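Heads up, the thing below is written out as structure tokens.
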Amino acid sequence: WYQRRVHGYPELSNDPEVELIQNKSPKVHAKTLEPAKWPKNPSLEWCPPGHGDLYAALVGSGKLASLLSQGVKYMFVSNSDNLGATLDLRLLSFFAKSGSPMTMEVCERTESDKKGGHLCRDKSGKLTLRESAQCAKEDEPAFQDITKHRYFNTNNLWLNLPKLQEAIQAAGGYLPLPLIRNAKTVDPRDPNSDPVFQLETAMGAAIGSLEGAQAIVVPRTRFAPVKTCNDLFVLRSDCYTITEDYRLIPSPGANIPVVDLDSKLYKLVDNIAPLAPNGVPSLKNCKRLKVSGPVTFDANVVLEGDVEIISKGPSAVVTGHISNQSVTL
């Protein structure tokens, strides 16, 4: 996959330092708790073990030792889908002067972030990362309380490599991280396929494993993720702009809305193009958008405030300027 993407860029494709191959884990059948079997497509029997595998991959591949031998002391890591994660020398300077083994960039939570993981403290006062999959059902209201848990992990992490190596060696060759159990189907595109568990770890959870790890609050410009079709829809709108040095930032004065597209129809990227074939509506003054049922946005649609679109038919077309309305088509 990587080689296909960088074909035509020899300065990248010929650089051995660019690519790091991580591990894979077997999916676990939810009923038998045995490795899942899916003869239709055996490759679906495996899953990525979460980005917490970064540390094991660095050690197992020899990459950590190689970087240290070259005199590399600091590493910046981020999700590839966070288009706001750029190398900021001010943050690097802060991290280097702090002497911390790890610094996590966090942002203040908003309504759109309430279901995601957040930073908290355990009973001893140590910082720790808590993901939604680690939260009991009855605790969800407290988990989603953005006034109680004010900060979320951007997954922009700064690592001190010598101190990371010391921690891994002290633990016996690995970095202890809490396990996350995610319930899925063996074929993610087939909701009727066998139920499975994917066992994962999160790289941000190292904040609870590395003594002296810290967090720093950063502006929202450092976080522009594209994890869901809801995120992609907003990203393609006028809520964001690209700077001359190719950084993605919120458009001046734009509000970043909470978008909730019908998950039965618009969960996959393939379905976004028919939703807005003539361009995503203007959302820069939109606060919340909810779409229920199949719709098509016409060209030059403007949505403002709280907007809900409800489709009762197979070919509903949204047109014009809609402000603080619930529209049934």
Side-chain angles (χ1 to χ4, degrees), residues 1 5 22 47-54 75-88 91 103-119 129-135 143-144 146 149-159 180 182 184 188 198 200-207 215-243 245-251 254-261 263 266-272 275-276 280 283-284 286-291:
W1 178 91
R5 293 295 185 274
Q22 292 185 251
C47 67
H51 38 58
D53 181 61
L54 168 71
M75 174 184 284
F76 175 62
V77 186
S78 68
N79 285 1
S80 61
D81 59 27
N82 180 8
L83 303 184
T86 57
L87 186 63
D88 190 313
L91 287 168
T103 293
M104 171 191 289
E105 294 183 32
V106 299
C107 285
E108 292 190 13
R109 296 172 85 197
T110 65
E111 187 70 15
S112 62
D113 310 310
K114 68 179 185 180
K115 294 184 179 180
H118 59 246
L119 193 65
L129 180 66
R130 192 163 68 138
E131 301 287 352
S132 57
Q134 297 169 302
C135 177
F143 181 94
Q144 296 180 11
I146 64 175
H149 302 293
R150 295 175 52 199
Y151 304 106
F152 72 89
N153 170 32
T154 65
N155 242 15
N156 298 345
L157 307 178
W158 299 84
L159 299 169
I180 302 170
N182 278 319
K184 306 280 186 178
Q198 292 186 186
E200 306 174 1
T201 57
M203 64 182 184
I207 198 168
I216 182 171
V217 181
V218 296
R220 195 78 183 200
T221 52
R222 298 283 298 165
F223 186 68
V226 190
K227 292 184 180 297
T228 68
C229 287
N230 296 331
D231 297 330
L232 181 61
F233 195 73
V234 176
L235 193 73
R236 289 179 174 178
S237 76
D238 55 0
C239 291
Y240 287 94
T241 187
I242 298 177
T243 65
D245 57 350
Y246 302 103
R247 290 180 295 112
L248 186 77
I249 62 171
S251 299
N255 179 67
I256 306 301
V258 177
V259 171
D260 181 11
L261 303 177
S263 60
Y266 305 113
K267 186 176 182 179
L268 303 177
V269 175
D270 303 348
N271 300 327
I272 291 295
L275 177 65
V280 173
L283 298 175
K284 64 182 181 181
C286 184
K287 182 178 180 181
R288 185 187 304 272
L289 170 64
K290 182 175 183 179
V291 175

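Along the sequence shown, the residues carry numbers beginning at 1. Quick note: numbers below take in every heavy atom, side chains included, and nothing from hydrogens, waters or symmetry partners. Note that this is a predicted model, so its numbers are computed, not measured.
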With a 6.0 Å cut-off (strictly less than), is the heavy-atom count around CG of Leu87, excluding the residue itself, greater than 12?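 Correct, the count exceeds 12.
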| Chi angles and distances behind the side-chain contact (heavy atoms from CB on, under 4.5 Å) call for Leu248, Leu235 | CA-CA 9 Å; Leu248 186 77; Leu235 193 73; 3.0 Å; yes
[X]: side-chain hydrogen bond (donor to acceptor under 3.5 Å, both in side chains) partners, not counting sequence neighbours:
{"X": "Asp270", "result": "none"}
{"X": "Arg236", "result": "none"}
{"X": "Asp238", "result": "Ser282"}
{"X": "Asn79", "result": "Asn155"}

[X] vs [Y] side-chain heavy atoms within contact, under 4.5 Å:
{"X": "Ile216", "Y": "Val218", "result": "yes"}
{"X": "Pro257", "Y": "Val234", "result": "yes"}
{"X": "Ile256", "Y": "Tyr240", "result": "yes"}
{"X": "Phe233", "Y": "Leu289", "result": "yes"}

Atom [atom1] in [X], atom [atom2] in [Y]: separation rounded to 0.5 Å?
{"X": "Ser251", "Y": "Lys284", "atom1": "OG", "atom2": "NZ", "value": "7.5 Å"}
{"X": "Ile207", "Y": "Leu119", "atom1": "CD1", "atom2": "CG", "value": "5.0 Å"}
{"X": "Cys239", "Y": "Ile249", "atom1": "SG", "atom2": "CD1", "value": "13.0 Å"}
{"X": "Trp158", "Y": "Met75", "atom1": "CH2", "atom2": "CE", "value": "12.0 Å"}
{"X": "Asn156", "Y": "Phe76", "atom1": "CG", "atom2": "CZ", "value": "4.5 Å"}
{"X": "Thr221", "Y": "Asp88", "atom1": "OG1", "atom2": "CG", "value": "9.0 Å"}

For the student: nearest non-hydrogen atoms of [X] and [Y], plus distance:
{"X": "Ser237", "Y": "Val280", "answer": "CB-CG1, 3.7 Å"}
{"X": "Asn255", "Y": "Lys287", "answer": "ND2-CA, 3.5 Å"}
{"X": "Lys267", "Y": "Cys229", "answer": "O-SG, 3.3 Å"}
{"X": "Leu159", "Y": "Leu54", "answer": "CD1-CD2, 4.5 Å"}

- Item | Qualifying residues under salt bridge (charged side-chain N to carboxylate O under 4.0 Å, His left out), relative to Lys290, sequence neighbours excluded |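 Here no residue qualifies.
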Notebook entry, point to check: Hey, does the side chain of Asn82 reach the backbone of Ala224 with a donor-acceptor pair shorter than 3.5 angstrom?
Noted result: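 Here the side-chain-to-backbone pair exists.
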Does Lys114 offer a backbone N or O that forms a donor-acceptor pair with the side chain of Arg109 under 3.5 Å?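 Answer holds: yes.
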Check your understanding: Can you say whether the rings of His149 and His118 are parallel (under 30°), tilted (30 to 60°) or perpendicular (over 60°)?
Key ->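 Parallel.
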*Run the side-chain contact (heavy atoms from CB on, under 4.5 Å) check on Ile272 and Leu261 step by step: do they pass?*
CA-CA 10 Å; Ile272 291 295; Leu261 303 177; 4.0 Å; yes
Filter on salt bridge (charged side-chain N to carboxylate O under 4.0 Å, His left out), then keep only pairs touching residues 216-233, sequence neighbours left out; what's left?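 Qualifying pairs: Asp81-Lys227, Glu105-Arg222, Asp113-Arg220.
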- prompt: When the aromatic ring centroids of Phe152 and Phe223 are compared, is their separation below 6.0 Å?
  reply: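 They qualify: ring centres under 6.0 Å apart.
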